[in-house]
Amino acid sequence: MRSREQKLVDICFSCALMISDPAYGFTKKPIEERAAWVAEQLRACGFNTVPVGMSWGVLRERQEKTP
C-alpha cells in the first residue's frame with residue numbers, strides 16, 4: 001500500500017506530464033474543466049477537495065457514514 005505522501009507525489013507527476021502533453025490538448029480546455037480534472041485525480045487517491053472562495057481546492061475531511 002502506498003503512503004498518502006507517495007500518492008500525492010504520484011499525482012503531481014501525473015498532472016505535470018498530462019498538462020505538458022500537446023496530444024491531450026489540456027491547455028485548450030476551459031480552466032474549470034482543468035480544475036475539475038485535477039480534483040478528480042486527487043479524489044481518486046483519497047484527497048477530497050472542494051473549491052472555496054479564491055482556492056480551487058481545499059482539503060475536505062472524509063465524512064463518516066452514519067449507520
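Computed from heavy atoms alone, side chains included, the values below leave out hydrogens, waters and symmetry copies. It should be emphasised that the depicted structure is a prediction, and the values quoted were computed from it without experimental measurement.
- The shortest heavy-atom contact between Ile11 and Gln41 is CD1-O, 4.0 Å.
- When the side chain to side chain contact (heavy atoms under 4.5 Å, CB included) test is applied to Leu17, no partner is found at least two apart in sequence or on another chain.
- Scanning for salt bridge (charged side-chain N to carboxylate O under 4.0 Å, His left out) contacts around Glu33 gives Lys29, with sequence neighbours left out.
- The heavy-atom pair separating Leu42 from Thr49 by the smallest distance is CD1-CG2, 4.1 Å.
- Cluster membership check: Met18 shares its hydrophobic cluster with Leu8, using side-chain heavy-atom separations under 4.5 Å among Ile, Leu, Val, Met, Phe, Trp and Tyr.
- In this structure, NZ in Lys7 is found 14.0 Å from OG in Ser14, a value given to the nearest 0.5 Å.
- Residue pairs satisfying the salt bridge (charged side-chain N to carboxylate O under 4.0 Å, His left out) criterion with at least one member in residues 8-18, sequence neighbours excluded, are listed as follows: Arg2-Asp10.
- Scanning all heavy atoms of the two residues, the minimum distance from Ala16 to Ile19 falls at O-CG1, 3.4 Å.
- Contact between Pro22 and Ser20 at its shortest, heavy atoms only, is CD-O, 3.1 Å.
- Contact between Arg60 and Val50 at its shortest, heavy atoms only, is NH1-CG1, 3.6 Å.
- Scanning for salt bridge (charged side-chain N to carboxylate O under 4.0 Å, His left out) contacts around Asp21 gives an empty result, with sequence neighbours left out.
- The ring-ring contact (aromatic ring centres under 6.0 Å, His included) check on Trp37 picks up Phe26, with sequence neighbours excluded.
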